[in-house]
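Everything below concerns the one structure shown next.
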Amino acid sequence: MKDNAKNPVLQQDEGKILVHQDNDGEIPLDTELAKEIRQLAKEQNAVILAHYYVTGDVQDVADYIGDSFGLSKTASTLDCDKIVFCGVKFMGESAKLLSPNKQVLMPAPDADCPMAHMVTREIIDKCRAEYDDLAVVCYVNSNADMKALSDVCVTSSNALKIVSKLPQKNILFIPDRHLGHYISEQLPEKNFILNPGFCPIHEAISLDEVKELEEEHPNAKVLMHPECPEWILTEADYIGSTSGIIKEAVEGDAEEYIICTVVGVKHQILKETEGSGKRFYFPKVTPVCPNMRKVTLEKVRDVLKNGTNEVPMPSDDIADKARESLAKMLELAK
């Protein structure tokens, strides 16, 4: 672990909340409702996107399932009039930035990501004034106004590659301190300043529960998302993005896996490993995202029927600068 004097965490009121629930979020598919949704989508030339963290029944009606930025990037290439984004607020905003001429609808407009709000302009301005040779690196799990104030965006899967290519020595990593710390450990030549944001679900995963699972399943491979704290990541056999974790669970040669990320990934993993005999375990206090659970089939149907909950385009200044940060990411990720 790095010395905090070299790798400081900025101070901020974190407002930590625990959001775990003791269930896996699986809801049986209402086939009649699913049929109605698919018909509405066809009639309106709409594409339904679902993040891996929403419930399985919502994933089952989607045209595309994936990580947040990957879904938005895919949608920008499609010949459709509408995008229904089954996820949280910043995901719909990113889709609108990349598809400005398409109508983007959010089934649950109140579904938000706490971490996306855990950084402020004041923090960025303070660091730009204090540090020479600074790059502001923004995790895509953020709002458009923060993307607009940044030099480049990153995802959990490309952050290491992109930050390693930046010429600046000083890196302000926003908003997630845990992903920032994970990248900083692999780039000791850089000086990281870590914003104190975090994902409440990943931060609250218990190290004791992980170790208990390891004792019960000594041959299991431990898969973790880099949004987990560093004191949890020490137990990981594999650290990667949501899609990376799914790929490792599906294609890996182990028979048992302990998975430390939001339990919504279980649905896709079980579909892709059916009949394989593989077994998957999550912490006893199941990591469930309550905001993702706000997205329901009924709400998907309703936005298609009524055209409600449209995502507005940010102001021209914010939208243009946010797109520049995203474009810089795509350039450096090549």
Side-chain angles (χ1 to χ4, degrees), residues 2 4 6-12 14 67-70 72-73 90-91 93-94 97-98 113-199 202-203 225-230 233 239-242 244 318-334:
K2 289 190 175 183
N4 279 340
K6 184 178 179 183
N7 191 24
V9 177
L10 303 173
Q11 298 303 306
Q12 178 175 304
E14 298 172 359
D67 287 331
S68 62
F69 185 72
S72 293
K73 186 178 175 184
F90 78 81
M91 299 177 185
E93 192 177 60
S94 293
L97 286 171
L98 295 182
C113 173
M115 181 171 67
H117 299 277
M118 293 183 187
V119 62
T120 65
R121 182 181 191 127
E122 288 71 25
I123 286 175
I124 296 173
D125 289 346
K126 179 177 182 292
C127 285
R128 287 203 186 276
E130 183 175 348
Y131 291 88
D132 293 328
D133 193 31
L134 178 78
V136 180
V137 177
C138 186
Y139 188 25
V140 292
N141 292 29
S142 56
N143 295 325
D145 55 345
M146 293 300 105
K147 290 182 174 75
L149 294 173
S150 302
D151 296 295
V152 64
C153 289
V154 297
T155 67
S156 56
S157 59
N158 68 24
L160 178 60
K161 182 177 184 179
I162 287 173
V163 177
S164 69
K165 289 184 176 181
L166 294 175
Q168 293 89 347
K169 176 179 174 59
N170 298 309
I171 306 296
L172 170 60
F173 197 98
I174 63 172
D176 183 18
R177 68 175 179 230
H178 297 308
L179 177 59
H181 181 273
Y182 173 67
I183 301 303
S184 76
E185 290 289 278
Q186 300 170 78
L187 295 173
E189 69 275 16
K190 302 280 190 181
N191 177 49
F192 278 71
I193 305 99
L194 303 179
N195 176 74
F198 58 91
C199 167
H202 288 97
E203 168 135 326
H225 196 285
E227 288 181 20
C228 291
E230 57 269 24
L233 292 180
I239 300 170
S241 65
T242 308
I318 289 177
D320 290 344
K321 290 179 179 178
R323 287 195 201 98
E324 287 178 14
S325 294
L326 292 169
K328 185 69 172 177
M329 173 178 70
L330 296 175
E331 175 189 336
L332 293 176
K334 293 178 181 177

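Predicted, not measured: the structure shown is a model, and the values here were computed from it.
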Side-chain touch [X]/[Y], heavy atoms, less than 4.5 angstrom:
X: Leu233; Y: Tyr182; answer: yes
X: Asn158; Y: Leu160; answer: no
X: Ile193; Y: Ile171; answer: no
X: Ile124; Y: Arg128; answer: yes
X: Val154; Y: Phe173; answer: yes
X: Phe198; Y: Leu179; answer: no
X: Glu203; Y: Arg177; answer: yes
X: Phe90; Y: Ser142; answer: no

For [X] and [Y], indicate whether the former's side chain and the latter's backbone hold a donor-acceptor pair under 3.5 Å.
X: Lys321; Y: Leu149; answer: no
X: Asp176; Y: His178; answer: yes
X: Asn195; Y: Met118; answer: yes
X: Arg323; Y: Leu98; answer: no
X: Gln168; Y: Asp133; answer: no
X: Lys169; Y: Glu189; answer: yes

Spacing of [X] atom [atom1] and [Y] atom [atom2] [to the nearest 0.5 Å]:
X: Glu93; Y: Leu97; atom1: CD; atom2: CG; answer: 6.0 Å
X: Ser94; Y: Leu326; atom1: OG; atom2: CG; answer: 6.5 Å
X: His181; Y: Leu194; atom1: NE2; atom2: CG; answer: 7.0 Å
X: Ile162; Y: Asp151; atom1: CD1; atom2: CG; answer: 12.5 Å
X: Ile174; Y: Cys138; atom1: CD1; atom2: SG; answer: 4.0 Å

In chain order, what residues pass the side chain to side chain contact (heavy atoms under 4.5 Å, CB included) check against Ser325, with sequence neighbours excluded?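 For Ser325 the side chain to side chain contact (heavy atoms under 4.5 Å, CB included) partners, ignoring immediate neighbours, are Ser150, Cys153.
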Is there a side-chain contact (heavy atoms from CB on, under 4.5 Å) between Tyr131 and Leu172 once you walk through the steps? CA-CA 9 Å; Tyr131 291 88; Leu172 170 60; over 6 Å; no
Shortest non-hydrogen contact from [X] to [Y]?
X: Leu166; Y: Ala135; value: CD1-CB, 4.0 Å
X: Cys113; Y: His117; value: O-CD2, 3.3 Å
X: Pro226; Y: Ser241; value: CD-N, 4.4 Å
X: Pro175; Y: Asn141; value: CG-O, 3.5 Å
X: Ile183; Y: Phe192; value: CG2-CZ, 3.9 Å
X: Val152; Y: Met329; value: CG2-N, 3.6 Å

Checking Thr120 against Met146 for the side-chain contact (heavy atoms from CB on, under 4.5 Å) test, could you report, in this order, the C-alpha distance in whole Å, the side-chain angles of both residues, the deciding distance, and whether it holds? CA-CA 8 Å; Thr120 65; Met146 293 300 105; 5.8 Å; no
Polar side chain donor-acceptor pair, Asn191 to Asn170, under 3.5 angstrom: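 The criterion, which ignores hydrogens and geometry beyond distance, is satisfied for Asn170 and Asn191.
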Indicate whether any N or O donor in one side chain lies under 3.5 Å from an N or O acceptor in the other, for Tyr139 and Glu227.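 A donor-acceptor contact under 3.5 Å links the two side chains.
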Checking side-chain contact (heavy atoms from CB on, under 4.5 Å) for the pair Ile123/Lys126: CA distance, chi angles, key distance, verdict? CA-CA 5 Å; Ile123 286 175; Lys126 179 177 182 292; 5.8 Å; no
By the salt bridge (Lys or Arg N to Asp or Glu O under 4.0 Å) test, which pairs, at least two apart or in different chains, include something from residues 158-168?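 Qualifying pairs, neighbours excluded: none.
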From CA spacing to verdict: side-chain contact (heavy atoms from CB on, under 4.5 Å), Met91, Ser72: CA-CA 7 Å; Met91 299 177 185; Ser72 293; 5.6 Å; no
For atom CZ of Arg121, decide whether the heavy atoms of other residues, nucleotides or ligands shown that lie under 6.0 angstrom number more than 12.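 Check fails, neighbour count at 12 or below.
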